[in-house]
Amino acid sequence: MQVVNVQIPNNENKTYPIYVGVDAIEKIAETVEMISPKNILVVTNETIYELYFEWLTKAFEKISAKIGYCILPDGEIYKNKTSLETILTCAFENKLERNDAIIAFGGGVIGDIAGFASSIYLRGINFIQIPTTILAQVDSSVGGKVAINTPYGKNLLGAFYQPKAVISDLQVLKTLPKREILTGLSETVKYAFIEKTCGAGFTDFAKYLYANTKDILQLEFEKLAYVVETSCKLKAVVVEQDEKEKGLRSVLNFGHTIGHAIEKCTQYKVFTHGEAVAIGMKAVFMIALNLGKINTEYYDFAVDLLKSYELDFKIPKEVTVAQLADALSFDKKVKDGKVRFVLPVGYAKAEIFDDIDLQVIEGTLKELY
Ligand SMILES: NC(=O)c1ccc[n+]([C@@H]2O[C@H](COP(=O)([O-])OP(=O)(O)OC[C@H]3O[C@@H](n4cnc5c(N)ncnc54)[C@H](O)[C@@H]3O)[C@@H](O)[C@H]2O)c1
């Protein structure tokens, strides 16, 4: 089992562990023991509860605390105020006190909403993440952003709230639908494209992902463990330097600016997040190539790497370039016709630019239909 220790930002002496492995769930008893709660509330959804209730019950055998469940409906549309209230009601009914704990058992939706509930219940209660999707293991469980969606936009109510531990057991990924596997891997490919900028030392993660595509897509555990561990390390090192996204953390938005615009213009119904980000990544490579920031060889490699992970999509014809440009402007990324953008500037290296011409972006988007 691998362990990534994450430094809690602005708290130099404190870290929390991310356990990654096939048997990582065994760490749950030890993790809970460190907190010694009387009551635990597990927040999950109907799909995951049905698949893993027995597995989880077995893992909890050594825990003496009383365990209650809060089971939410499945889906991004339930990452809302009603579900937040449901969790808080469950917490009150299970008599959770300050020293007790909430465990998020699920994908990014469950992690975000359970984390937000943990941050406000009694002004903050112990929070443990057991992420069950690749996206949640490599991205949403790391970095402390927790939130719910509102009718005015995604993730608009939230907090920065760090967990006591993250337990990323790879066994649960075997039941993930293929599309969810690919969407999670899209984020790992992103880390490979920005590896040198993160500041964790260079391992040539892109080359590893390229050389091991088949095994990783088949969820071969040893290689997957390396992928999850490396992704967590890269995200953690960025977040440690810039928790509140005042500078460097923006590099994690590589491919996301256009990705978010595409998600928004397709009403979040056509693409998963990772799929939209994959289009966004291809777009930033095109823009960088057009602006002379990267060479053709690197561009071809990047497009090939995306394709090898089946992350090759086109913008639907129903969405116009003007709509996408509007969505970018609404995202406050546009000022005086210039857009804030993270672009590749060399192999595995990205930089944040404040002066990319909106017209250049529009020109590139036209090539993505
Ligand atoms: N906090 C952050 O920093 C951060 C970062 C990225 C994304 N997010 C958020 O994460 C969310 C997306 O997360 P996600 O992609 O994990 O989606 P998700 O949580 O909706 O999970 C995807 C689907 O897979 C199912 N599922 C989960 N685990 C499973 C398993 N082991 N076996 C079978 N099915 C399983 C879920 O029930 C769901 O239907 C979004 O709300 C996004 O805003 C947050």
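Numbering of ligands and ligand atoms starts at 1, following listing order. From a predicted model like this one, the values you see are computed outputs, not experimental measurements.
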Ring-face cation contact, Tyr298 with Lys293, 6.0 Å cut, 45° max:
no
Between Asn212 and Glu220, a side-chain donor and acceptor under 3.5 Å
no
Does the side chain of Gln162 reach to within under 4.5 Å of the side chain of Glu243, using non-hydrogen atoms?
yes
State, yes or no, whether a side-chain contact exists between Phe202 and Tyr347 at a heavy-atom distance under 4.5 Å.
yes
Asp139/Lys235 ion pair, N-O < 4.0 Å
yes
Heavy-atom side-chain contact between Arg98 and Ile125 under 4.5 Å:
no
Residues with a heavy atom under 4.0 Å from ligand 1, by chain and number, are Asn45, Thr47, Ile48, Leu51, Tyr52, Asp74, Glu76, Lys79, Gly107, Gly108, Val109, Asp112, Thr132, Thr133, Leu135, Asp139, Ser140, Lys145, Lys154, Asn155, Val172, Thr175, Leu176, Pro177, Glu180, Lys235
